> 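Following this message is one structure expressed as structure tokens.
This structure is a prediction, so every number in the text was calculated from the model and none was measured.
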Amino acid sequence: MKPLLPILMALLGAALGVFFIYKGVDKHFLTSCQSYGPDSTLPQDYINLMNVLCSSGFTKVVGFFEILAGTLLVVPRTRLLGDILLLPVIFTIFVFHLLVDNRPDELIETGVPLAAAIVTLTYHYKEWRFMIHGRR
């Protein structure tokens, strides 16, 4: 089982990278920011915040970092850097959906990549522990 774990982690990291490259490209080119009307069933706070994030261009910045982190995750040598860059982005997206949106499908859609990022970061613990403990 031990030789299988590095392969599974590489596949998980690559899949996470491809997913976030797609999500970042989607924010830039495929889907325009959606504006919600008064007849929407979404919470008003969610609608207001999404309108501000879209009109300010903040979603484009998030999309850029998703593409950058996804690209770093796909390349094996830079996978840890991509994971470190991606974790705050996906955590913020998850907390946004948890506190403001709170739709179960959105929590799953953001929670699964968050869990995958945490698993891949935990797998690379030996590589980054010196940042915390000061030794390898």
> Are Leu86 and Val112 connected in the hydrophobic side-chain network, where two residues link if heavy atoms are under 4.5 Å apart?
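Each belongs to a different hydrophobic cluster.
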
> Which pair of heavy atoms, one from Gly82 and one from Ala69, lies closest together, and at what distance?
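Heavy-atom minimum between the residues: O-CB, 3.7 Å.
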
> Would you please name every residue forming a side-chain hydrogen bond (donor to acceptor under 3.5 Å, both in side chains) with Glu106, sequence neighbours left out?
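Expected list: none.
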
> Output yes when a side-chain donor or acceptor of Thr110 lies under 3.5 Å from a complementary backbone atom of Phe94, and no otherwise.
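Checking the backbone N and O of Phe94 against the side chain of Thr110, no donor-acceptor pair under 3.5 Å is found.
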
> Rounded to the nearest 0.5 Å, what separates atom NE2 in His97 from atom CD1 in Ile108?
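Taking NE2 in His97 and CD1 in Ile108, the distance rounds to 12.5 Å.
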
> Evaluate the side-chain proximity of Ile90 to Glu66: yes if any heavy-atom separation is below 4.5 Å, no if none is.
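With C-beta onward as the side chain, the pair stays apart.
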
> Within 45 degrees of the axis of the six-membered ring of Tyr123 and under 6.0 Å from its centre: does Arg79 put its NZ or CZ there?
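Checked: cation-pi criterion not met.
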
> Do Ile118 and Tyr125 sit in the same hydrophobic cluster, where Ile, Leu, Val, Met, Phe, Trp and Tyr count as joined when their side-chain heavy atoms come under 4.5 Å apart?
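As far as the 4.5 Å side-chain criterion goes, Tyr125 and Ile118 are connected within one cluster.
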
> Does atom CZ of Phe65 have more than 12 heavy-atom neighbours from other groups under 6.0 Å away?
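Not buried by this count: 12 neighbours or fewer within 6.0 Å.
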
> Over all heavy atoms of both residues, which pair between Asp101 and Pro43 is shortest? Give the atoms and the distance, please.
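Shortest heavy-atom contact: O-CG, 3.9 Å.
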
> Using the rule that two of Ile, Leu, Val, Met, Phe, Trp, Tyr join whenever any of their side-chain heavy atoms come within less than 4.5 Å, decide whether Leu99 and Leu107 are in one cluster.
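Yes; Leu107 is reachable from Leu99 via cluster members.
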
> Let me confirm one number: the CD-CD1 distance from Gln44 to Ile47, rounded to the nearest 0.5 Å.
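Interatomic distance, Gln44 CD to Ile47 CD1, rounded to 0.5 Å: 4.5 Å.
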
> With rounding to the nearest 0.5 angstrom, report the CG to CG distance, Leu81 to Asp83.
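It is 9.5 Å, given to the nearest 0.5 Å.
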
> Can you confirm whether Lys27 sits close enough to Phe64 that some side-chain heavy atom of one is under 4.5 Å from a side-chain heavy atom of the other?
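Side chain of Lys27 against side chain of Phe64, heavy atoms only: no contact under 4.5 Å found.
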
> Going by heavy atoms in the side chains, are Leu16 and Leu12 under 4.5 Å from each other?
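No, too far: nothing below the 4.5 Å cut-off.
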
> Answer whether the closest heavy-atom distance between the side chains of Val89 and Phe20 falls below 4.5 Å.
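No, their side chains stay 4.5 Å or more apart.
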
> Taking the side chain as everything from C-beta on, heavy atoms only, tell me whether Leu42 gets closer than 4.5 Å to Met50.
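Contact flag for Leu42/Met50 side chains = no.
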
> Please round to the nearest 0.5 Å and tell me the distance separating atom NE2 of His124 and atom CD1 of Ile84.
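If I round to the nearest 0.5 Å, the distance is 9.5 Å.
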
> Do Val18 and Tyr22 come close enough that some side-chain heavy atom pair is under 4.5 Å?
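Not touching, per the 4.5 Å side-chain cut-off.
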
> Distance from Leu53 atom CG to Asn48 atom CG, nearest 0.5 Å?
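Interatomic distance, Leu53 CG to Asn48 CG, rounded to 0.5 Å: 11.0 Å.
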
> Below 4.5 Å, heavy atoms only, C-beta onward: do Val62 and Ile93 meet side chain to side chain?
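They are in contact (side-chain heavy atoms under 4.5 Å apart), so the answer is yes.
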
> Can you tell me how far apart OG1 (Thr71) and CD1 (Ile21) are? Round to the nearest 0.5 Å.
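So the gap between those two atoms works out to 4.0 Å.
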
> Would Leu80 and Val75 show up in the same hydrophobic cluster when neighbours are defined by side-chain heavy atoms closer than 4.5 Å?
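Leu80 and Val75: separate clusters.
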
> Is any side-chain heavy atom of Leu87 less than 4.5 Å from a side-chain heavy atom of Leu114?
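Yes; the side chains approach each other to less than 4.5 Å.
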
